[in-house]
Amino acid sequence: MTGLRRVVMVAAAAALAAACGVPTDAAPRDLAAERLPDGLLSEQTTTTTTAPDPGETPEEVLLTVYLLDGEAELVRPTNRTAPDDTVGEMITQLKELTQRDIDNGLITLITPDVTLVSPTQTQEMIAGNTLRLPLSEEFYALEGRSRSLAAAQLVFTITATPRFDAVLFVDSDDEPQLIPTSESELPDQPRPMTRLDFTGFNPLLAAGE
């Protein structure tokens with residue numbers, strides 16, 4: 001009787017397991033991760049990273065650069081699309097004339113051999129942020145009104161962004177340099193230059209607008 005009771009209980013247990021969806025054979029099976037206890041889950045996770053499309057075009061920015069009219073008297077704004085708005089890219093854009101610039105009679109005094117000779121630095125001043133701009137000797141080979149006009153191109157272009165309010169021109173030895181104003185006046189000593197130093201080269205500033 002005892003043996004019969006054991007057989008009945010085993011059969012009942014098997015039937016209950018089958019009803020609950022639990023396999024009754026000994027074959028191994030894969031279980032879904034969500035059905036495993038936390039302690040059996042692997043601590044390693046896999047992250048899928050989507051690589052950028054090699055053919056995707058980098059996002060460009062809009063720069064306002066200032067060129068000179070054909071008489072080399074006034075600075076004129078023109079918009080350009082560029083890879084970024086770094087100071088190096090601004091100088092690159094100032095060197096290059098588009099066909100539209102040429103058709104409009106615009107020129108530039110920032111020649112192809114003018115370069116940055118070291119990284120730029122931004123100094124926080126009471127009047128705003130001043131860019132310390134180290135330029136090669138080709139820029140300082142310009143004298144008098146030509147240096148003033150070239151400096152005006154740089155000052156207007158650089159301060160067209162909200163990051164900078166003035167430009168301090170330095171040479172390859174990091175020594176500040178004198179820049180004449182649009183009135184052909186030399187400051188008593190090298191100092192940061194702003195748009196107001198070149199009022200005579202800009203019709204809007206000259207008109208007080």
Side-chain angles (χ1 to χ4, degrees), residues 62-80 82 85-117 120-171 175-209:
L62 187 66
L63 287 181
T64 300
V65 299
Y66 283 77
L67 303 175
L68 303 172
D69 65 10
E71 300 299 323
E73 293 292 333
L74 300 173
V75 288
R76 303 284 190 182
T78 182
N79 292 328
R80 301 274 184 84
D85 60 354
T86 61
V87 175
E89 183 59 33
M90 293 179 193
I91 293 176
T92 296
Q93 293 293 330
L94 283 171
K95 296 178 185 180
E96 301 172 352
L97 293 177
T98 66
Q99 187 58 50
R100 182 179 179 182
D101 296 332
I102 296 171
D103 292 343
N104 288 334
L106 300 178
I107 63 173
T108 181
L109 289 180
I110 310 302
T111 57
D113 48 6
V114 172
T115 60
L116 288 172
V117 294
T120 60
Q121 299 179 21
T122 302
Q123 298 173 297
E124 293 185 5
M125 312 290 284
I126 295 177
N129 289 335
T130 293
L131 176 73
R132 194 178 184 91
L133 186 64
L135 295 175
S136 60
E137 61 183 9
E138 288 79 9
F139 176 80
Y140 296 107
L142 297 170
E143 298 180 350
R145 189 174 181 81
S146 292
R147 182 184 292 192
S148 182
L149 280 161
Q153 282 188 257
L154 287 161
V155 169
F156 273 86
T157 299
I158 289 170
T159 60
T161 73
R163 304 198 308 273
F164 307 111
D165 302 284
V167 177
L168 178 64
F169 291 85
V170 300
D171 63 12
E175 290 294 328
Q177 299 296 303
L178 284 171
I179 302 294
T181 69
S182 60
E183 305 304 320
S184 300
E185 297 176 350
L186 278 176
D188 294 335
Q189 58 184 6
R191 60 171 174 78
M193 307 295 286
T194 71
R195 291 188 174 203
L196 294 179
D197 290 304
F198 306 104
T199 302
F201 295 150
N202 185 277
L204 295 180
L205 286 178
E209 298 181 18

Go through the steps for K95 and T115 under the test side chain to side chain contact (heavy atoms under 4.5 Å, CB included), then give the verdict.
-> CA-CA 10 Å; K95 296 178 185 180; T115 60; 4.1 Å; yes

Please report the C-alpha distance between E137 and D171 in whole Å, then the side-chain angles of each, then the deciding distance to 0.1 Å, and finally whether the side chain to side chain contact (heavy atoms under 4.5 Å, CB included) criterion is met.
-> CA-CA 7 Å; E137 61 183 9; D171 63 12; over 6 Å; no

What do the steps show when you test L116 against L133 for side chain to side chain contact (heavy atoms under 4.5 Å, CB included), and what is the final call?
-> CA-CA 8 Å; L116 288 172; L133 186 64; 3.5 Å; yes

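Inter-residue side-chain proximity for R163 and L131 is flagged as unmet; no heavy-atom pair is nearer than 4.5 Å. The shortest side-chain heavy-atom distance between L68 and V75 falls under the 4.5 Å cut-off. Within the 4.5 Å cutoff, side-chain heavy atoms of R147 are placed close to those of I179. Side-chain contact between Q121 and V170 is absent, with no heavy-atom pair separated by less than 4.5 Å.
To the nearest 0.5 Å, atom OG1 of residue T130 and atom CZ of residue F164 are 10.0 Å apart. Taking CG of L97 as the reference point, atom CD1 of I102 lies at 5.5 Å (rounded to 0.5 Å). The CZ atom of R145 lies 8.5 Å from the CD atom of E183; values are rounded to the nearest 0.5 Å. Rounding to the nearest 0.5 Å places CG of L67 at 10.0 Å from CG of N104. The distance from atom CG of N202 to atom CG of L74, rounded to the nearest 0.5 Å, is 7.5 Å. Atom CG of L94 and atom CG of L63 lie 9.0 Å apart (nearest 0.5 Å).
The aromatic rings of F169 and F139 lie parallel to each other, with less than 30° between the two planes, well short of the 60° mark.
Contact record, M193 with V155: O-CG1, 4.0 Å, taken as the closest heavy-atom pair. Minimum heavy-atom separation, I107 to D69: CG1-O, 3.6 Å. For the pair S182 and T199, the tightest heavy-atom approach, listed with the atom from each and the gap, is OG-N, 3.5 Å. Across all non-hydrogen atoms, the minimal contact from V114 to S136 is CA-OG, 3.6 Å. Looking at every heavy atom in both residues, L149 comes nearest to A72 through CD1-O, 3.0 Å. A pairwise comparison of heavy atoms in F156 and R195 identifies O-NH2, 2.9 Å as the closest pair.
Remark: D188 CG is loosely packed, at most 12 non-hydrogen atoms of other residues, nucleotides or ligands lying under 6.0 Å away.
Under a 3.5 Å cut-off, the side chain of Q123 and the backbone N or O of R132 do not form any donor-acceptor pair. Using modelled atom types, one side-chain atom of D165 and one backbone atom of N129 make a donor-acceptor pair closer than 3.5 Å.
Under the side-chain contact (heavy atoms from CB on, under 4.5 Å) test applied with L154, the options L135, V87, V167, T159 reduce to a single match, L135. Applying side-chain contact (heavy atoms from CB on, under 4.5 Å) to M90 and the options I110, V65, T157, T64 leaves one that passes, T157.
Here R76 does not pair with D101 in a salt bridge; the nearest charged N to carboxylate O distance is not below 4.0 Å.
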